[in-house]
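Source: prediction; values computed, not measured. Within every chain, numbering begins at 1; the chains are lettered A, B, ... in the order of the sequence lines, protein sequences first and strands thereafter.
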Amino acid sequence: MKDVYKIREDFPILSKKINGSDLVYFDNAATSQTPTHVIQKIVEYYENHNSNIHRGLHSLSADATNQYESSRKKIQNHFGIKNDYEVIFTSGTTHGINIVSSGLESQIGSSDELIVSEMEHHSNIVPWQILCEKTGAKLRVIPMKDNGSIDIEAFKKMLNNNVKFVFVNHVSNSLGTINPIKEIIDLSHKNKTKVLIDGAQGAAHFKINLSEIDVDYYVASAHKLCGPTGVGFLYGKSELLEELPPYQGGGEMISSVTFEKTEYADLPHKFEAGTPNISGVIGFGAAIDYMNNIGFDNIEAHEQELLKYATDRLNKTPGIKIYGDQVNKISVISFNLSNHHPSDIGSILDQFGIAVRTGQHCTQPIMDYYKIPGTVRVSLSFYNTKSEIDLLIDALEKASTMLG
Amino acid sequence: MKDVYKIREDFPILSKKINGSDLVYFDNAATSQTPTHVIQKIVEYYENHNSNIHRGLHSLSADATNQYESSRKKIQNHFGIKNDYEVIFTSGTTHGINIVSSGLESQIGSSDELIVSEMEHHSNIVPWQILCEKTGAKLRVIPMKDNGSIDIEAFKKMLNNNVKFVFVNHVSNSLGTINPIKEIIDLSHKNKTKVLIDGAQGAAHFKINLSEIDVDYYVASAHKLCGPTGVGFLYGKSELLEELPPYQGGGEMISSVTFEKTEYADLPHKFEAGTPNISGVIGFGAAIDYMNNIGFDNIEAHEQELLKYATDRLNKTPGIKIYGDQVNKISVISFNLSNHHPSDIGSILDQFGIAVRTGQHCTQPIMDYYKIPGTVRVSLSFYNTKSEIDLLIDALEKASTMLG
Amino acid sequence: MNVGSIQSIQQEIVNEFDFFDDWSEKYQYLIDLGKNLPDFNQINRVEENLVKGCQSNVWLHAEIIDDKIIYTADSDAIISKGIISILISVFSGQKPEDIINAKMDFIDKIGLSNHLSQTRANGLLAMVKQIKIYAVAYNSKK
Amino acid sequence: MNVGSIQSIQQEIVNEFDFFDDWSEKYQYLIDLGKNLPDFNQINRVEENLVKGCQSNVWLHAEIIDDKIIYTADSDAIISKGIISILISVFSGQKPEDIINAKMDFIDKIGLSNHLSQTRANGLLAMVKQIKIYAVAYNSKK
Ligand SMILES: Cc1ncc(COP(=O)(O)O)c(C=O)c1O
Ligand SMILES: Cc1ncc(COP(=O)(O)O)c(C=O)c1O
């Protein structure tokens, strides 16, 4: 990988001071930072190409449309997707999941079963609860194990003829666990069960080929992979997307409107009603370029090195308890320090300029599983350094002393 | 108003060349241009404050949350809204309408009637068609008149006990007509009928106090009022928003999640599931500031002057037919030139660097009413000038010659 | 009917456009081509022949005669008619496999791609796509 | 019980904090206050007393005794406990109308507002709001 200190120069925010100290940004699983390359693409859009897309035939509109559609191609290529119209731009992972969950209403009946895991983000639980409430279907939960992994044996036993869908995250945002999605997909497909993978955390950390893993739906958010806020994508196999009703009514998603009869447009437009987040989509494309330029192999290698270093140092710090497994995970570490409340730790770390997330991380069931109010979560990115980890360890020791 | 040529300096794109000529941007009703003030706020966000909001307790997250929430206050104040939690951030007008239309599913029955006008944007037609399909309710249409206005006498006769909702745009995006929304709201309320106003076009052209007009729901998009793409707001009276079910399931919109029972958070969070378009919301606030700084009185005065000038010149141009009324409208002019197809005119104008919109403008019923395939739409903004209108007239005359 | 190869016709068109000094002459030429497009059989003005993705209506009809595809077309916009007229002169009367394999760089070379190809609204790309779809269809029937 | 005016207590707190050189001393003080917060009656550890909008659980109980509101509180986080301890020392034993009208600028003055008030997560604002809501409720009952 390019020298990490060189890479850090691409991120203006990383040279910021917080409470008098250098910012140590360890909250990457919540949102990643944005490189100048992406910021500049957004600026360039507003300064040179800003225009509503698709319907206009003037040059600006053509420019904007081209850039927007070329982001779709970038995402198609990056994720190994067969057809560009299988990439639906959304406002984020949550939106993507909701397109599917609300669309399935007419396809799911009261004898059907849907399966989620115990370690899902609320965004991958609540929509299915709502779907079950509306349809009478049953929501079943794959238990997790103490090491923070999905109980795959239990999952195998849960599969039966009634199971229509399985919803699992690629990577747990709370624990960092990389789930065996290929295995889950294969088992499910053998059972004629479709699978949606929540890729909010996975997409940012390694390159994944969606055609190869043969997943049915996959969702992610740009803001977790160096892109802007308010944009993400839903991938779906075209035959499945065709069957889903449109999520929203509006402009762009129709081919003809009369008061007697309205016809919907083809994919992907059917799901992109209204003026989309054009600058966001263009910024998303730029982020994909940026990260590929760094190289996902390099990203993974550096992050794994940081993970190992941080885990070792934390394990040696008195009072630290790490939750979940310590292998086969991305660079996310959830822990507590003695019996101090995570918010106390977080507040004190913030005084040292260290940004971590504390609380339940939108995964209340995981916290219930471990019977804790929450954790301190350190999530490391390819632009973080070992010396930042040293600062964290120092600060944790000081916090420990202060809290007594 | 500040000198228009000074104002133009605030918009980098306005000094762009298109096909060798200065850009003349007359497609403001599709999307408005973005001033440096707004672009810089977005840059500043990504360079200094980028962080996920609400749940984080570190300083960056606090910064970002404050800025996000202060945009909500700006919108609250600007639109005369009683409580800040009645402002729901959306990804745009279409999204706002769909939150309401999908939410009403459980409140609308097969004997109910919903009313739209004949001059609505597809975004304010299709969601109600879908709602009617699902509930069996009847969608009725207020006819329009040849002068491009709503037939208010016809509307009065349509009101009866079964009419639960009326959906009308504040300003027609195709014709520019300013609709008598106060009268429509008062008539409806006397009939115990609720009203949603599609403010996509209205909000950009004058200041409006939503409490005073006592509207039940109001929606708008930032990208039409100098703000970024991918963001807008839904205003609803709190007692109505409380009754609506959440639109999307996800993070942020819940207060507690277990597999047995999930509790939804209070307003506005109930409707803001997932990571929102944080930079977009902050940019939206900056756009409101920018426009208030120019002054809506000034904006209105300048735009009306441009409208009068352009209408006069177009009326004197051989072969031009303007659709809709020529009074009580915003600075939008829809016309055709002889029997040439609007797309031919649009293509040729583009060669002169003049960006207009051509086609149906997502208002197919209006085109059906006038029995035309579409129009050429010139939509003027406060940063346009009379000499740009002169360029348009010259170009139209040349187009006329070329098309013979 | 005896037509040149796709390649040679494209070259002729490029040569033709080389004469023009600016966009307005090119447009004028397109407009004139549009006006002179042979009458379209109204029977073929049907939904199935509509090219998707143009702002104006463009109808494109294809039939196979002696192993060659004959395209006819119409539009309610004159510039679209001019564009389709050029495409017809290139592709009509050609063999399906030649159409499928044809390079389309002449569009860039006539210096109109900026103006015409970028946006889905005027449908140049959509027309080319439709022309090729017909060729693929006839080719697979053989 | 005899307490000073809200204004004078706030001033005392500001004076106290003036002694501290840096944030860590202030935090240490908050932590110590938190540890010394009088025991909370476990009967009051109920849903209705939970302050919404804190990342940690904060329970705030209020009762009226001789026209004055007595606040007691608890939290599972120690810094939140320290914060609520300060708020209790300011507001507990005061009259509802005084609480309602109290200015809150002492928070700025103790130099912790940066650290504490900005985010809904640690709930300083939520606590103050809840304190005032109780005061309004009791005031309207009079
Ligand atoms: C009157 C009207 N309503 C709704 C919309 C849809 O707005 P958006 O595309 O921002 O969702 C528009 C925008 O074209 C409009 O003009
Ligand atoms: C695993 C997982 N799923 C879903 C989400 C929701 O993503 P967004 O908030 O971008 O919609 C997140 C983000 O926190 C996540 O980590």
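Between B:His58 and A:Tyr25, the ring planes lie perpendicular to each other; the angle is over 60°, past the 30° to 60° tilted range.
Side-chain N or O atoms of B:Gln248 include none that pairs as donor or acceptor with a backbone N or O of A:Ser123 at under 3.5 Å.
For a residue to count as touching a neighbouring chain, one of its non-hydrogen atoms must lie under 4.5 Å from one of that chain's; by this rule A:His361 does not touch chain B. Contacts between A:Gln360 and chain B at a heavy-atom distance below 4.5 Å are absent for every atom of the residue. With a threshold of 4.5 angstrom between heavy atoms, B:Ser102 does not approach chain A through any atom at all. At a 4.5 Å heavy-atom cutoff, the contact between A:Ile278 and chain B is made by backbone and side-chain atoms alike. Only the backbone of B:Val356 comes within contact range of chain A, with heavy atoms under 4.5 Å apart.
With chain A as partner, the option from B:Gly232, B:Pro228, B:Ser91 having the largest number of non-hydrogen pairs under 4.5 angstrom is B:Pro228. Counting heavy-atom pairs under 4.5 Å between each of B:Tyr46, B:Tyr264, B:Trp128 and chain A puts B:Tyr46 at the top.
The closest side-chain heavy-atom distance from A:Leu57 to B:Asp350 is not below 4.5 Å.
Distance check, rounded to the nearest 0.5 Å: NZ of B:Lys16 to CG of A:Asn48 gives 4.5 Å. The CD1 atom of A:Ile18 sits 4.5 Å away from the CG atom of B:Leu60 when rounded to the nearest 0.5 Å. Atom CG of residue A:Asn52 and atom NE2 of residue B:His223 lie 5.5 Å apart, to the nearest 0.5 angstrom.
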